[in-house]
Undergrad: 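Please see the structure below; I have some questions.
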Amino acid sequence: MTFSAWISFALLTAIQTASPGPAVSLLISTGLRSGISGALALLPGILVGDLTLITVAFAMTTALLSVSGAIFDAIKIAGGSYLLFLGFKTIVDVRASFTKNEDPAKSSHTFHQGFFTTVLNPKGILYFATFLPQFISPEGSYNVQFTILGATFLGVGLITDTFYAVASSYGSRYLTPPVRGGLIVIAGTSLLLTGAFVLLTYAESLRVAFA
């Protein structure tokens, strides 16, 4: 892998991780609702989720195997359902978030929310299994290059996720409650729509397969 290929991968990764998605929506809604400590508490879960997907993708590609249809279908259903639940919960909890102040350090579910939102994203495993190998040179060690690309993704993702956590929590200090509530509802709606899209896409694929 050449240095220019690595730079290209890092830039594309920055664009991908900065694009709105389930993890970004969760970070924004949590930052607006609970402040910087609540948003930052999600980062370890998101990081471990990405690391898990990268590890699975590495095992798949090195063994020249693909995920079985049944397993991938299960990931789609579980991921879409979890995003629907998380989006609904985010919207429902808007009013309560302004009346109670939960201590993120004592909240055991923040890590799990970050982890499951990341690892149950059906696009995640396919992204790592198909995108990372495109930047690997056949002349070098596949294992070493995949590790470098995976570490690069984790580093860039941590930077962009931290930016969203800080930016959203900064806004929570200066935005009025109605504006904050509106932004949280938008973030929750984004999670709902993503979950619905995943499930509807899966249902459509079944319809076509049995047509």
Side-chain angles (χ1 to χ4, degrees), residues 9-54 57 75-76 78-94 97 104 107 109-128 131-132 149-175 179-199 201:
F9 172 80
L11 291 175
L12 290 173
T13 296
I15 295 173
Q16 192 276 330
T17 55
S19 302
V24 169
S25 297
L26 181 62
L27 280 167
I28 292 175
S29 62
T30 303
L32 289 170
R33 184 176 61 248
S34 305
I36 189 169
S37 55
L40 291 178
L42 292 169
L43 294 184
I46 294 174
L47 185 66
V48 174
D50 281 331
L51 179 60
T52 301
L53 291 178
I54 291 172
I75 293 175
K76 281 185 176 181
S81 300
Y82 182 73
L83 291 177
L84 283 176
F85 163 76
L86 202 58
F88 178 76
K89 186 175 185 301
T90 298
I91 295 173
V92 169
D93 289 348
V94 169
S97 67
S107 177
H109 66 269
T110 50
F111 175 89
H112 298 89
Q113 278 190 337
F115 175 78
F116 286 118
T117 299
T118 301
V119 83
L120 289 177
N121 183 358
K123 295 181 180 179
I125 187 65
L126 291 181
Y127 174 84
F128 289 119
F131 184 65
L132 269 66
L149 293 174
T152 300
F153 183 94
L154 292 176
V156 173
L158 182 60
I159 292 173
T160 56
D161 289 343
T162 301
F163 169 79
Y164 275 115
V166 173
S168 60
S169 60
Y170 181 84
S172 71
R173 298 180 181 180
Y174 297 98
L175 295 176
V179 174
R180 288 166 55 193
L183 292 174
I184 292 174
V185 169
I186 291 174
T189 302
S190 174
L191 292 171
L192 278 174
L193 292 176
T194 303
F197 176 77
V198 169
L199 294 178
T201 301

Undergrad: Specify the closest pair of heavy atoms between F128 and A57, including all atoms of both residues, with the distance to one decimal.
TA: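 In terms of heavy atoms, the two residues are closest at CB-CB, 3.6 Å.
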
Undergrad: Just so I know, are the side chains of T152 and T13 near enough to count as touching, which here means a heavy-atom distance under 4.5 Å?
TA: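 Heavy-atom side-chain distance check fails, nothing below 4.5 Å.
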
Undergrad: In Å and rounded to the nearest 0.5 Å, what is the CG to CZ distance from D50 to F153?
TA: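 Rounded to the nearest 0.5 Å, the CG-CZ separation comes out at 5.0 Å.
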
Undergrad: Could you check if a side-chain atom of L32 sits within less than 4.5 angstrom of a side-chain atom of I28, using non-hydrogen atoms only?
TA: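 They are in side-chain contact.
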
Undergrad: Going by the rule side chain to side chain contact (heavy atoms under 4.5 Å, CB included), which residues pair with L192 if we only count those two or more places apart in sequence or in a different chain?
TA: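 Partners of L192 by the side chain to side chain contact (heavy atoms under 4.5 Å, CB included) criterion, ordered by chain and then number, come out as L84, F88, I91.
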
Undergrad: Sequence neighbours excluded, which residues qualify as side chain to side chain contact (heavy atoms under 4.5 Å, CB included) partners of L11?
TA: I7

Undergrad: Check T118 against A23 and note the closest heavy-atom contact, atom names and distance.
TA: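 Looks like OG1-CB, 4.4 Å.
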
Undergrad: About how many Å separate CG of L47 and CZ of F111, when rounded to the nearest 0.5 Å?
TA: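 Spacing of CZ (F111) from CG (L47) equals 9.0 Å.
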
Undergrad: Below 4.5 Å, heavy atoms only, C-beta onward: do I46 and L27 meet side chain to side chain?
TA: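 Of all side-chain heavy-atom pairs linking L27 with I46, at least one is under 4.5 Å.
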
Undergrad: Please find the pair of heavy atoms, one from A41 and one from T110, that lie closest to each other, and give the distance.
TA: CB-OG1, 3.8 Å

Undergrad: Just jot down the side chain to side chain contact (heavy atoms under 4.5 Å, CB included) partners of L158, sequence neighbours excluded, or say none.
TA: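 For L158 the side chain to side chain contact (heavy atoms under 4.5 Å, CB included) partners, ignoring immediate neighbours, are L43, T162.
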
Undergrad: Taking all atoms of both residues into account, what is the closest heavy-atom pair of G35 and S169, and its distance?
TA: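 Where G35 meets S169 most closely, the heavy atoms are C-CB, 3.4 Å.
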
Undergrad: Write down the atom of G31, the atom of S168, and the distance for their closest heavy-atom approach.
TA: CA-OG, 3.4 Å

